[in-house]
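Below, all heavy atoms of this structure are taken into account, side chains as well, without hydrogens, waters or symmetry copies.
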Amino acid sequence: MKIWFIFFVVLGFSFSVHALDGALKKKYALLLLTDDYGILKEADLARYQKKMKYEKFSAKHDGLVYWQCFPRDKIEITLKDMGYTAEEFDKTDTISDILLTAYKEPGVKHIYVMRRAYPISAYHEVFLRWEKLMKGEKYVCLAGEFISHDEKINDGVKIEENYWTYDKIKTKKGSNSYFVEH
């Protein structure tokens with residue numbers, strides 16, 4: 001009985017050491033724009049901060065990657081067939097993009113796009129991987145580089161769209177990055 005108790009105490013301690021506590025949330029407050037819901041670890045944030053100097057987020061900070069986490073039921077994932085082929089790829093396969101659209105609040109969208117278009121056969125595998133990663137999860141965290149902010153009026157309602165270049169997706173199940181991680 002004692003051994004099981006020690007095992008669970010050690011196991012619980014090992015998980016808490018790697019989770020973001022108050023001090024870590026403060027340390028990385030500039031690149032974590034929302035709550036992380038216990039998904040992110042220090043390594044997820046330190047990876048970006050060591051490369052760039054962060055300031056309070058604004059639309060002027062091109063080149064910086066920020067994390068945001070959203071309820072899963074507020075995220076749409078779309079594999080978009082762009083309807084054309086490209087010379088550098090198989091001419092029988094059309095070019096595509098993956099869009100992750102997160103609805104933060106009514107009228108505010110965060111749209112994550114891939115760094116470049118690829119044949120639909122290549123992105124289909126990524127699309128399925130991300131669907132599996134998000135299935136049954138309560139929250140999903142996305143890292144991306146800010147691209148642009150657009151505001152428009154649609155049927156008398158103000159719509160705010162924030163575009164991001166996708167870098168990484170993470171849930172409690174695991175993660176997937178556009179780049180190979182070292």
Side-chain angles (χ1 to χ4, degrees), residues 8-79 97-115 126-150 159-182:
F8 286 114
V9 168
V10 170
L11 183 65
F13 179 72
S14 68
F15 283 122
S16 65
V17 166
H18 299 292
L20 295 180
D21 61 19
L24 289 175
K25 285 183 181 187
K26 186 175 180 179
K27 178 179 178 181
Y28 297 106
L30 296 175
L31 63 104
L32 177 60
L33 303 180
T34 64
D35 190 341
D36 78 314
Y37 303 102
I39 295 170
L40 301 176
K41 309 295 182 225
E42 183 174 16
D44 297 315
L45 299 162
R47 172 179 179 228
Y48 299 110
Q49 189 157 325
K50 71 180 178 183
K51 296 176 185 176
M52 304 290 270
K53 181 174 169 35
Y54 277 80
E55 298 173 13
K56 185 170 171 61
F57 175 76
S58 84
K60 297 175 185 174
H61 291 126
D62 292 331
L64 297 177
V65 175
Y66 294 90
W67 278 99
Q68 296 186 84
C69 303
F70 305 94
R72 170 59 184 104
D73 63 355
K74 301 285 186 192
I75 296 178
E76 293 177 358
I77 181 171
T78 307
L79 177 58
D97 195 5
I98 298 178
L99 305 173
L100 287 159
T101 304
Y103 298 89
K104 192 167 186 172
E105 54 194 63
V108 178
K109 293 193 262 185
H110 293 273
I111 303 162
Y112 290 79
V113 298
M114 300 302 279
R115 294 182 177 278
V126 174
F127 177 83
L128 294 175
R129 187 177 319 128
W130 291 358
E131 276 192 323
K132 185 177 180 181
L133 194 58
M134 293 189 295
K135 186 177 181 172
E137 292 297 302
K138 191 168 182 177
Y139 297 100
V140 176
C141 295
L142 301 168
E145 180 182 328
F146 182 77
I147 302 171
S148 69
H149 172 83
D150 186 33
I159 305 294
E160 186 179 319
E161 294 179 335
N162 299 288
Y163 288 88
W164 303 82
T165 302
Y166 165 81
D167 192 71
K168 189 171 184 177
I169 184 172
K170 186 165 186 186
T171 68
K172 289 191 176 192
K173 283 184 192 173
S175 64
N176 187 255
S177 177
Y178 185 85
F179 298 105
V180 175
E181 297 177 327
H182 303 287

Please identify each residue that fulfils salt bridge (Lys or Arg N to Asp or Glu O under 4.0 Å) with [X], with sequence neighbours left out.
| X | answer |
| --- | --- |
| Lys173 | none |
| Glu76 | none |
| Asp150 | none |

Go through the structure and list residues passing side-chain hydrogen bond (donor to acceptor under 3.5 Å, both in side chains) with [X], not counting sequence neighbours.
| X | value |
| --- | --- |
| Trp164 | His110 |
| Asn162 | His149 |
| Tyr112 | Gln68 |

Only counting residues at least two apart or in another chain, list the ones meeting ring pair (Phe, Tyr, Trp, His ring centres under 6.0 Å) with [X].
| X | result |
| --- | --- |
| Tyr163 | none |
| Tyr28 | none |
| Phe127 | none |

With sequence neighbours left out, what residues match Asp73 under side-chain contact (heavy atoms from CB on, under 4.5 Å)?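 By the side-chain contact (heavy atoms from CB on, under 4.5 Å) rule, Asp73 matches Pro71.
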Can you name the side-chain contact (heavy atoms from CB on, under 4.5 Å) partners of Thr165, sequence neighbours left out?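 Scan of Thr165 (side-chain contact (heavy atoms from CB on, under 4.5 Å), adjacent residues dropped) gives Arg115, Glu145, Ile147.
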Inter- and intrachain pairs under side chain to side chain donor-acceptor pair (under 3.5 Å), touching residues 127-136, at least two apart: Trp130-Asn176
Which pair of heavy atoms, one from Ile39 and one from Asp44, lies closest together, and at what distance?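 Scanning both residues, the minimum pair turns out to be O-OD2, 4.3 Å.
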